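These values consider heavy atoms only, across backbone and side chains, with no hydrogens, waters or symmetry-generated copies. Source: prediction; values computed, not measured.
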Amino acid sequence: MEGSTPKKAAPVGLIAGLTAAALAVTLTGGYFGLCAWVQGNGQLLPGAVATDDRGQAMVELGKLTREDALAVVTREMDQRLNERKLTLLYGEDQRVELTGDLMACSPEAAVEVGFDAKENTPFWKLGALWLELAEEPADLPLSAAAFTPEGEAQAKAIIQSIADELYVAPVDFTYEVGDETVQVTPGIDGQQVDTAALLAAVEEALVQGADELRVEPDVLPSAELSGEVIKRLVHVEPKAAGVDENGKLTPAVIGLSVDAAEAQAILDEATPGQPCTIPLEFTPPGTDGDESLYYKDLLASVDTWLDGVATRSFNVARAASFCNGKVLQPGEVFSYLGTIGDPSARNGYQTSTGYQNGETVPMDGGGVCQVSSSLYYCAVYSNLEIVRRACHAFSTGYIPNGLDATVYYPSLDFKFRNSTGFPIKIVSYVSDGQLHVQFYGSNPEGITVKTDRYLLSSTPWTTVYEPDETIPQGTTKVDVTPYTGYVVDVYRCVYDADGNLISRTYENHSTYAKRDKKILYNPADEGPWGPAVTPGVDPIPTEDPSVLPSQDPVPTDDPWALPSQDPVPTDDPWALPSQDPVPTDDPWALPSQDPVPTDDPWALPSQDPVPTEDPWAVPSQDPSQESGAPSAEPSASQYIELPLPEGGYGPNAPGGWE
């Protein structure tokens with residue numbers, strides 16, 4: 001028999017290895033099969049935990065299906081929402097409460113967080129996580145909630161009510177252009193609530209479990225206001241007067257503006273809702289072509305008599321010379337003191353009369369107010385805008401009451417504006433004892449001006465006597481000349497070329513003080529003041545003056561008794577006549593009653609005037625010459641203004657010019 005070769009047995013190690021490999025493959029396949037199963041089992045991974053808004057774990061959701069997880073989350077969220085309360089704070093300690101009942105949970109969002117985490121987990125890790133051999137906890141926040149439709153409607157209603165209560169409409173700025181300034185009232189910002197933003201904030205606060213929420217309204221700005229804005233609003237481009245193609249004069253346009261930087265500085269200091277004033281800037285438009293075309297119309301004129309005092313007449317003539325030929329462009333303001341300068345000796349004026357504390361004293365520049373008064377008269381009758389004017393302390397006598405204008409350097413000026421559309425030329429000069437003032441310009445519409453002046457009251461002066469041992473016996477001296485007091489209202493009436501009234505405006509209220517006549521006498525003389533008194537000796541009464549007589553006294557030889565019939569002239573200079581006296585050489589003789597002015601062209605009516613013709617026309621000659629007798633009123637040199645230091649003007653002020 002042939003011999004055979006025995007087979008070798010497989011190594012034990014190889015078999016063990018193959019067995020291990022087969023087992024590993026089986027286990028690996030099983031693990032990956034587990035991973036595949038976990039991936040598709042529709043359950044959350046272990047470690048999925050629902051957390052509250054503070055991040056604290058509230059409920060375990062691991063290995064729950066979507067439906068089971070939604071049920072658990074819904075139950076947990078509903079419970080927490082029902083426990084929440086939110087207080088809205090607004091206004092002045094006002095509040096309103098909202099609860100979680102307005103909300104509904106949204107569990108899908110929380111559960112989706114868990115399933116998204118599972119989907120994003122690496123495949124090979126799913127088995128280990130499922131077997132809890134590894135940990136990767138997933139937090140599922142329970143803050144996912146929103147208003148229910150009914151809750152949102154209720155929340156919107158509450159929020160709108162708050163918004164309506166807090167709403168403040170803005171107030172835009174206003175402005176008004178005046179003569180010298182523009183008055184601006186800055187606007188006031190309003191406020192309003194952004195209801196959409198507040199609704200979102202309330203929803204978030206309820207979700208987050210907040211206790212309070214402060215409602216802060218937004219600023220609702222008013223219209224933009226700045227210096228540049230005001231400048232744009234008031235700006236007017238100047239335009240020169242001219243002549244159109246038909247040869248008709250066309251008025252100028254006065255340029256108007258403000259300094260934007262100055263306006264801004266004023267606005268920066270202003271309080272919202274409180275008016276402030278911003279100075280206006282005027283730009284005269286100038287003239288085109290031949291200026292003589294614009295001075296063909298006499299707008300107004302006045303002639304006033306001088307009083308014959310040389311120094312006063314000199315001052316009047318000097319002041320008039322500075323004004324003569326002055327041209328005012330449309331919109332330009334005329335300043336009297338700015339034109340004549342300081343009416344003092346150092347400026348070429350002479351010393352005349354003025355008032356100091358109600359007494360007549362020497363003063364430089366006496367008489368310059370006659371020029372300013374004449375200018376005011378012409379400005380009124382030229383229908384120009386008066387910028388600044390004050391009446392004299394006493395009635396002037398040379399111009400109608402209510403149509404005068406006093407000045408006092410440097411505190412009180414007389415100013416007016418050329419408010420026409422054409423240039424105006426002033427003509428002023430002295431000749432033949434009169435001051436002549438005329439305004440020339442253009443009056444294409446043919447308007448005229450008249451004034452209605454109303455005498456509201458008059459206060460007559462009286463005579464007072466004062467002893468003075470320096471007065472020679474048998475003589476007297478008038479120490480203070482008198483003035484009748486008047487209160488007058490003036491109205492400016494403007495008429496068209498056909499005589500129809502266009503406007504009637506209040507011009508001014510003028511008050512002129514009364515001043516009594518004071519006569520000094522020697523106390524050793526007898527007179528209207530009483531019996532003579534021996535110098536240095538007090539009179540001794542013959543009876544006790546305090547004892548009343550037992551019966552009515554019988555008049556005896558009372559030297560002051562009025563006669564029952566016309567008296568026979570005697571040597572007594574103080575005897576009062578029973579009728580108007582016949583003028584004598586005694587300048588101090590007093591009439592028995594106030595004279596009744598008849599031909600006085602300056603007399604004011606005792607009742608409202610009837611505007612049939614202008615009763616205040618200036619006379620063509622000296623009023624005293626018309627009547628043939630001296631005027632009952634003082635001479636023009638005695639009429640001066642008295643400015644008060646505080647800006648007022650009256651008879652108790654320290655001083656002034658006539």
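Residue-environment remark: CG (D93) stays at or below the threshold of 12 foreign heavy atoms within 6.0 Å. Within a 6.0 Å radius of CD in E269, no more than 12 heavy atoms belonging to other residues, nucleotides or ligands are found. For NZ of K156, the number of neighbouring non-hydrogen atoms (other residues, nucleotides, ligands) closer than 6.0 Å is 12 at most. The 12-atom threshold is exceeded at CD of Q94, counting heavy atoms of other residues, nucleotides or ligands nearer than 6.0 Å.
When atom types are taken as modelled, the side chain of T185 and the backbone of F173 share no donor-acceptor pair closer than 3.5 angstrom. D496 places a side-chain N or O within 3.5 Å of a backbone atom of D498 that can act as its donor or acceptor partner. Under the 3.5 Å distance criterion, the side-chain polar atoms of S161 are left unmatched by any main-chain donor or acceptor of A157. No donor-acceptor pair closer than 3.5 Å links the side chain of D116 to the backbone N or O of N120. Y294 places a side-chain N or O within donor-acceptor distance of the main-chain N or O of A241, the cut-off being under 3.5 Å. Checked by atom type and distance alone, the side chain of T181 never pairs as donor or acceptor with a backbone atom of V177 at under 3.5 Å. For S257 (side chain) and H235 (main-chain N/O), no donor-acceptor pair under 3.5 Å exists by modelled atom type. A donor-acceptor pair under 3.5 Å is formed between the side chain of T420 and the backbone N or O of F422. For the pair T271 (side chain) and Q274 (backbone), a donor-acceptor distance under 3.5 Å is absent. For E60 (side chain) and G62 (main-chain N/O), a donor-acceptor pair under 3.5 Å exists by modelled atom type.
To the nearest 0.5 angstrom, I266 atom CD1 is 10.5 Å from I230 atom CD1. Summarising the geometry, atom CG belonging to L213 is positioned 9.5 Å from atom CD belonging to E216; distances are rounded to the nearest 0.5 Å. Atoms CH2 and CG, on W130 and L45 in that order, are 7.5 Å from each other to the nearest 0.5 Å. Between the CD1 atom of I159 and the CG atom of D164 there is a distance of 12.0 Å, given to the nearest 0.5 Å. Interatomic distance, I447 CD1 to N500 CG, rounded to the nearest 0.5 Å: 13.5 Å. Between the CZ atom of R453 and the OG1 atom of T451 there is a distance of 6.0 Å, given to the nearest 0.5 Å.
Across P221 and P170, no two heavy atoms sit closer than the pair O-CB, 3.9 Å. In plain terms, the two heavy atoms of L206 and L98 that are nearest each other are CD2-O, 4.2 Å. The shortest non-hydrogen separation linking D172 to A223 is OD1-N, 2.8 Å.
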Next on the checklist: I'd like to know whether D189 forms a side chain to side chain donor-acceptor pair (under 3.5 Å) with S222, so could you lay out the CA-CA distance, the side-chain angles of the two residues, the decisive distance to 0.1 Å, and finally the verdict.
Outcome noted: CA-CA 5 Å; D189 290 340; S222 59; 3.2 Å; yes
Item to check | F416/Y376 under ring pair (Phe, Tyr, Trp, His ring centres under 6.0 Å): CA gap, chis, key distance, verdict | outcome: CA-CA 8 Å; F416 66 90; Y376 175 58; 9.1 Å; no
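Salt-bridge formation is not detected for the pair D211/R84: no Lys NZ or Arg NE/NH1/NH2 atom is positioned less than 4.0 Å from an Asp or Glu carboxylate oxygen. Salt-bridge formation is detected for the pair D404/R389: a Lys NZ or Arg NE/NH1/NH2 atom is positioned less than 4.0 Å from an Asp or Glu carboxylate oxygen. In this structure, E180 pairs ionically with R417, as a charged nitrogen and a carboxylate oxygen lie closer than 4.0 Å.
Within the cation-pi definition used here (under 6.0 Å to the ring centroid, within 45° of the axis), R388 does not qualify as a partner of Y336. Under a cutoff of 6.0 Å and an axis angle of 45°, R504 and Y491 form a cation-pi pair.
Donor-acceptor pairing under 3.5 Å is lacking for the side chains of Q154 and E150. At a cut-off of 3.5 Å, with distance as the only test, a side-chain donor of D413 or S335 sits close to an acceptor on the other residue. For the residue pair T448/Y381, the side-chain donor-acceptor check at 3.5 Å is not satisfied.
For the side-chain contact (heavy atoms from CB on, under 4.5 Å) with V184, the lone residue among L267, L233, V229, T174 that qualifies is L267.
Within the 4.5 Å cutoff, the side chain of E332 has no heavy atoms near those of the V327 side chain.
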